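Inspection log for the structure reproduced underneath, given as structure tokens.
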Amino acid sequence: MEIPKTYDPKQAEERHYARWEAQGCFAPEANRDPHAPVYSIVIPPPNVTGSLHMGHALQHTLMDVLTRYKRMSGYRTLWLVGTDHAGISTQIVVERELKKEKLTRHDLGRERFVERVWEWKAESGGRITEQMRREGASVDWSRERFTMDEGLSRAVREFFVTCYEEGLIYRGERLINWCPKDQTALSDLEVDKETQAGKLYFLQYPLKGSDRRITVATTRPETMLGDTAVAVNPEDERYRELVGATIELPLTGREIPLIADSYVDPAFGTGAVKITPAHDANDYEMGERHNLPQVVVIDSHARMTEAAGADFAGLDRYEARERVVQRFEELGLLEKVVDYEFAISRCDRCRTVVEPLISMQWWCKQGELARRGLELIKERHEPHFHPEVPWEKVYTDWLENLHDWTLSRQLWWGHRIPAWYTADGRVFVARSEQEARAAAGTDELTQDPDVLDTWFSSALWPISTLGWPDQTRDLETFYPTDVLVTARDIIFLWVSRMVMTGTKFTGRLPFRDVVITGTVLDKNGQKMSKMKGNVIDPMDVFEKYGVDATRVTLAASSAGTDFPWRDERVESYRNFANKIWNAARFCLLNSEGAQVSRGFEGARDTWALHDRWIVSRLNKTILTVERALASYQFHEAVFALYHFFWDDFCDWYIELSKTEVTAAEESESRAAARSRVLSVLEQALRLLHPFMPFITEELWQRLPGVGADSLHEAYASAEPTIMLAAYPRGEQALIDDAAEAEMQSVIELISRVRSIRSEMNIKPSEEVELIIGTSGDGSARVFDASMAQIKRLARAGSVSFTSSMADVPRHAARAVLAGGVEVALPLEGLIDFEQERARVEREREKLRKEAERLEAQLGNPQFTERAPAEKVAELRQRVADIAQRMKALEQTLEALA
RNA sequence: GCCCGCUUAGCUCAGUGGUAGAGCACACGCUUCACACGCGUGGGGUCGUAGGUUCAAGUCCUACAGCGGGCACCA
């Protein structure tokens, strides 16, 4: 059999995914057991415009690990996939395309533009799904959904209309976040607050009928053109007698009142605040309280309006700022300008500074929708966040402090708001235009031009993808889902809103668990961003190191906290993949006459020590993996598998088995040993499959004796594939602590001999003689049974036992093992007595210190009284062991004297 | 301002009250018939600081320091 020495990921990756998909392995229907338990996950739908980033790769890896694990465990498993229409992002992308043709969306008109977006989606939307195939994501493509599919759009209308009828959705004029570039309203969650170095301007306003002036401080002087009051704190002594006075607002000729409001902080600035109800959220509220007029001086393009006065109309907001400041200076009304750091809001799509504007929009009341979710998290900790700290609290705090949600967007791409208006301005909200016409009693209706926030349809994703509002079989079977795996930045935008819709429309939470992953940072711990140019494309990493290595790296790094991406790390897992490849290569090159299925036939007491040991280690590993995955501790599962495979299986088991496995003569025992090694390998491949789907399939397919019989019974009729093989179950009965202890003593013996060899600079090719001194406690029997292995791995030509170390030649290096077993290597001519004594004395000193510490602890009556009896016994045992070893070391020193 | 997280080997990080761990890096040796993307052997730690709880603290509590994050209407 020709097997290359180095694993080439690409050829495996290209072959297997297409086959799995074609054979329907990903769909829950692959499972033929009518009583199978159900496991389901819905993917957070990536933007259809996008390409995968490291965060996706991380989340998808975790979801795929869970999905493959549950599928192999016999669950009827659905990982539902789809993409999001991503309103603003997609519209921007297509507008950018149009710009290349020197066109704007307005040139095309709404209908043609929307067609154009659909065309674009048809051409480019497949990129992200192709990338998901590359990742090995075992999603069910037969149920792929898009948030603008007819079914999902129907769900959106149902949601909207129901809430409208219940008074949860309403239309109203309020101050909103407006993006002057994208020309749309944004919700509070779609703007990023940023601190910025700027200036604080102190402007003086003259009082009417007096030469007094009142000074106000502002970061946005241009808004003074829209001031309709100045406010002070009613308790503020400095201004008390001025309340009610009239101010002559400079540059406008307008007269505005000086009012009192307890919102004003007397300690900040001058204690007097200019009030611009049309352009500031706080001022808006104060304006409502005091019935102040709203003077709109900035328009939707962030330019000054006619109302700003002839000198300013048409100016950009920043030009206007300069000119206002200049005028104040000319008038002698600019008191001072100081450096000041303040927060500005940017559109999270285009980074433009948003403008607060008063605008008519659709809103969704959040309080009532959130109530059930709040009860569940507070009373039952549902959904259960992983890690629970800090996300449960973050989520709870947000639900407790909700503002109404701005639903409408002034875009063309998205779900059109299902509201129609008559010529005289009456509004009809309905599931269809026909319904609206019937209700209005006229066909002369105009539909609201706005579309809904992208997150509105996302909020329905777990139910709409399964068929809601119809009570479909899928909805019945797969809802609620088991777990949601996502990033922290959409806990509010998405997670909380799915909870609202899920509890409202089904009475149940859409998922039991929520796994919040950390963020993948660059190698310096910086957030990746296109602007910084430090983005690592997962496709490049796949290309360089292979998909499996990348997946394991991500799973191993995901302890819930952010982590820097380091090539060294993925390199080490690339090496791991190669290790797996070569271990399998060894097994296959020595597989003649062997079969996986014949691995551990026969009574256990006929197995060799290392066989009982590896089976015990294997089962402990399986139990660890089970426990780790049940609590989403992916890194723990990876570490357990990595160390089992590399340390236990490769470094020890294969080496311990080599004498038999590589025997030149064909024999029953050689075939049996080969079968056992193959069988452990095969179990390990199954265990690794959810993390490393490609290499495990590639190798599994080549193993002798795997086939239809290897499949989980739920998939009995399928084509053989490791992804439908049964995931190993950990069996307590196969854990053999005695075998592990015995094996440990053999390993210690070999390691100590190797250590001496290394210290004594004995060439690896040179064989040594070993004399083992045992005190007749049965350890001689253990070593004797593993004689061939000890000889091979310690490179010993001969091994003999003695009951008295006094017989050992003086020219020997010695060591004392746990349990007082002694080992000596006669090394005529190589021993420097002085040096050897120093070595032994160092060891004795180490033991003496440890014994001292332990004895002090045992000498403390509070310890022996209060600590658990087993702890005390364990300590006594250790002290006894040390005493025995010390005694042996003393004798060794005497022999060297 | 409020809330939260982190601080463990040179680096990046695991760590469940009871003998401090991994990967990488480093040092020495190795064409040992699966693998140099490897094998063997080593060195390297007062677990941020100061208190407290406990028989016992890297682990639990309090304060402080440094770093990072989230929320917030201070002009």
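Everything numeric in this text was worked out from a predicted model, so none of it was measured. Lettering follows sequence order; numbering is per chain, from 1.
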Return the nearest nucleotide to the side chain of [X]; candidates are [options].
| X | options | answer |
| --- | --- | --- |
| A:Asp651 | B:U12, B:C39, B:A34 | B:C39 |
| A:Arg569 | B:U32, B:C13, B:A75 | B:C13 |
| A:Tyr642 | B:G23, B:A34, B:U19 | B:G23 |
| A:Phe492 | B:G18, B:C71, B:A34 | B:C71 |
| A:Phe639 | B:U12, B:A14, B:A75 | B:A14 |
| A:Phe342 | B:C13, B:A75, B:U16 | B:A75 |
| A:Ala867 | B:G18, B:C4, B:A75 | B:G18 |
| A:His635 | B:G23, B:G15, B:A75 | B:G15 |
| A:Leu589 | B:A34, B:C35, B:C74 | B:A34 |
| A:Thr561 | B:A36, B:A75, B:A14 | B:A14 |

Would you mind pulling out the nucleotide paired to [N], Watson-Crick or G-U wobble, both distances under 3.5 Å?
| N | result |
| --- | --- |
| B:C26 | B:G42 |
| B:G21 | B:C13 |
| B:C47 | none |
| B:U7 | B:A65 |
| B:C71 | B:G1 |
| B:A57 | none |

Take atom [atom1] in [N] and the same atom in [M], then report the distance between them in whole Å.
| N | M | atom1 | answer |
| --- | --- | --- | --- |
| B:U41 | B:G52 | P | 44 Å |
| B:C11 | B:C26 | P | 15 Å |
| B:A72 | B:G17 | C1' | 39 Å |

Could you tell me the separation between the [atom1] atom of [X] and the [atom2] atom of [N], rounded to a whole number of Å?
| X | N | atom1 | atom2 | result |
| --- | --- | --- | --- | --- |
| A:Asn578 | B:A36 | CG | P | 8 Å |
| A:Leu588 | B:A34 | CG | P | 13 Å |
| A:Tyr573 | B:G38 | OH | P | 14 Å |
| A:Leu493 | B:C71 | CG | C1' | 14 Å |
| A:Asp647 | B:A22 | CG | P | 9 Å |
| A:Ile344 | B:C73 | CD1 | P | 15 Å |
| A:Glu759 | B:G29 | CD | C1' | 13 Å |
| A:Asn761 | B:U41 | CG | C1' | 10 Å |

Contact class for [X] vs. all strands (heavy atom < 4.0 Å): base, sugar-phosphate, or nothing?
| X | value |
| --- | --- |
| A:Val273 | base |
| A:Lys871 | base |
| A:Arg585 | sugar-phosphate |
| A:Asn860 | sugar-phosphate |
| A:Lys523 | nothing |
| A:Val389 | sugar-phosphate |
| A:Ala281 | nothing |
| A:Pro861 | nothing |
| A:Tyr340 | sugar-phosphate |
| A:Gly271 | base |
| A:Tyr263 | base |
| A:Thr6 | base |
| A:Glu571 | nothing |
| A:Asp283 | nothing |

Does [N] have OP1 or OP2 under 4.0 Å away from a side-chain N or O of [X]?
| X | N | answer |
| --- | --- | --- |
| A:Asn575 | B:G38 | yes |
| A:Lys393 | B:G5 | no |
| A:Thr223 | B:A75 | no |
| A:Ser557 | B:C13 | no |
| A:Trp646 | B:C39 | yes |
| A:Lys274 | B:A75 | no |
| A:Lys193 | B:C73 | yes |

Can you say whether a donor on the side chain of [X] sits under 3.5 Å from an acceptor on the base of [N], or the other way round?
| X | N | value |
| --- | --- | --- |
| A:Lys658 | B:A34 | yes |
| A:Gln633 | B:A14 | no |
| A:Lys579 | B:C35 | yes |

Whether A:Glu543 and A:Lys10 form a salt bridge (side-chain N of Lys/Arg under 4.0 Å from carboxylate O of Asp/Glu) is what I want to check.
yes
Indicate yes or no: does A:Glu767 engage A:Arg757 in a salt bridge with an N to O separation below 4.0 Å.
no
Please report whether the ring centroid of A:Tyr201 lies less than 6.0 Å from that of A:Phe328.
no
Are A:Trp646 and A:Tyr642 close enough that their ring centers fall under 6.0 Å?
yes
Should the pair A:Lys336 and A:Phe202 be classed as cation-pi, given the thresholds of under 6.0 Å to the six-membered ring centre and 45° from the axis?
yes
Measure from NZ or CZ of A:Lys579 to the centre of the six-membered ring of A:Tyr7, then state whether that distance is under 6.0 Å and the direction lies within 45° of the axis.
no
Evaluation steps, side-chain hydrogen bond (donor to acceptor under 3.5 Å, both in side chains), between A:Glu682 and A:Ser679:
CA-CA 5 Å; A:Glu682 198 262 351; A:Ser679 154; over 6 Å; no
Return the CG to OH distance between A:Leu292 and A:Tyr284, rounded to the nearest 0.5 Å.
12.0 Å
Contact summary for A:Ala813 and A:Arg839, nearest pair of heavy atoms:
CB-NH2, 4.1 Å
Using side-chain heavy atoms (C-beta onward) and a distance below 4.5 Å, is A:Val680 in contact with A:Tyr653?
yes
